[in-house]
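A short write-up of the structure that comes next.
Numbering starts at 1 and runs along the sequence shown. What you see below is based on every heavy atom in this structure, not just the backbone, and it leaves out hydrogens, waters and symmetry mates. Both ligands and their constituent atoms are indexed starting at 1 by order of listing.
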Amino acid sequence: MRPLVAHIDLDALRHNYRLACQCAPHSHSVAVIKADAYGHGALDCARALAADASAFAVASLDEALALREGGITVPIVLLEGIFNADELAQVDQHRLWMAVHSAWQVDALLAFSPRAPIPVWVKVDSGMHRLGFAPDTVSAVWQRLSEAPQATALHLMSHFATADAAESRYFHQQMECLQALGDRLDAPLCLANSPATLAWPVAHGAWNRPGIMLYGSNPLETTTTAADTLRPVMTLRSEIIALRDVEAGEPVGYGGRWRAPRRSRIAVVAAGYGDGYDRHAQDGTPVLVNGQRCPLAGKVSMDMLTVDVSDVADATIGSEVVLWGCAANGAVLSVDEVARGCDTISYTLLTGVLPRVPRRYHGAFG
Ligand SMILES: *Cc1c(COP(=O)(O)O)cnc(C)c1O
């Protein structure tokens, strides 16, 4: 068997969810598990969180139905609502909650007769300029829905463009818009993503929507005491499958991008972009070999990558290689740091782990 496995620590997931709740003691926290729980396996993660989580959030009806079929009875919010009116029957049947971001969704809901009123989160575009009603049109939508028998438990929902920045005028501008709307409509709010949950108590509402922090990644530009206690959930672990010594000046890998600055020991690791390890990883991107940090050396191949292990005395065939997460000796390599080496963000690395990488779950369910 190929040694590459994504180990998922469900105790760490629960720890991080509880941390999100502790950061915002007056809010409920909907655990965002869209995109297969950011690559961690939505159903397994939902089962692990079901006893704690007040609700789950997903991107589509399909994602919600997979959870319901798996026996998840906790409320599930559709963050983008329905994609066409036909989906309302299933929203009703499976007791889903839904966002509405566009007039056509409101029209469709009001033309539908659910068995029970559907909890609705009205999305307002307070500055992200992606989804949502313009602030000056939201009162009319709110009014229509509050009088409609099809809708219940109305909340005002919005998303921040810059909550991860250490200081952002734009964040405060969005916040002012939302506070004014919330006051005018007397609406419970659902605003905070992970960075706002961690760093902006002013944004904590009736509900928050932490996502990436549940998986142990810190989305903030600068860290906080709470962010420092996040635990990595995924450990992408493999092994050394070959070792060779190269002379000073010799190239390694496609295009010869890396050249040995001295006589060097090169480890070949079973993990590549065909597994989702980012091909944009620069030379020097950190990797843990036997729990010791080593630099990536050479371009990532489809099934393999190469690491300079000249300074790892005990590196041998079969040695543990951690691409991100926790090593057996307790060393931790944050996926955020790896993401910087790839000029990307943890979100793309985690959601990018491909199906050919087996997931192995650790920690008790429920
Ligand atoms: C994905 C998503 C979130 C979670 O964002 P994180 O940055 O992962 O915490 C919150 N709200 C909406 C609308 C989303 O689409």
Which residue and atom name correspond to the protein heavy atom nearest [atom], and how close is it?
atom                    : result
atom 11 (N) of ligand 1 : Arg209 NE, 2.8 Å
atom 7 (O) of ligand 1  : Tyr347 OH, 2.7 Å
atom 15 (O) of ligand 1 : Lys34 NZ, 2.6 Å

Keeping the roles fixed (side chain from Asn84, backbone from Asp86), state whether a donor-acceptor pair exists under 3.5 Å. yes
Just by distance, do the side chain of Arg265 and the backbone of Val307 share a donor-acceptor pair under 3.5 Å? no
When the aromatic ring centroids of Phe133 and His101 are compared, is their separation below 6.0 Å? no
Would you please indicate yes or no on a ring centroid separation below 6.0 angstrom for His172 and Trp200? yes
Ligand 1 to [X] polar contact by distance, N or O atoms, under 3.5 Å:
X      : answer
Ile212 : yes
Lys123 : no
Gly211 : yes
Arg130 : no

Please could you name the atoms of ligand 1 that Ser194 approaches to less than 4.0 Å, counting only its heavy atoms? 6 (P), 9 (O)
Numbering as shown, the atoms of ligand 1 that approach Tyr38 to under 4.0 Å (heavy-atom distance): 1 (C), 4 (C), 5 (O), 6 (P), 8 (O)
Between Asp336 and Asn218, do the side chains contain an N or O donor and an N or O acceptor separated by less than 3.5 Å? no
Can you tell me if His204 and His26 form a side-chain donor-acceptor pair at under 3.5 Å? no
Counting only heavy atoms not in His280, do more than 12 sit closer than 6.0 Å to its NE2 atom? no
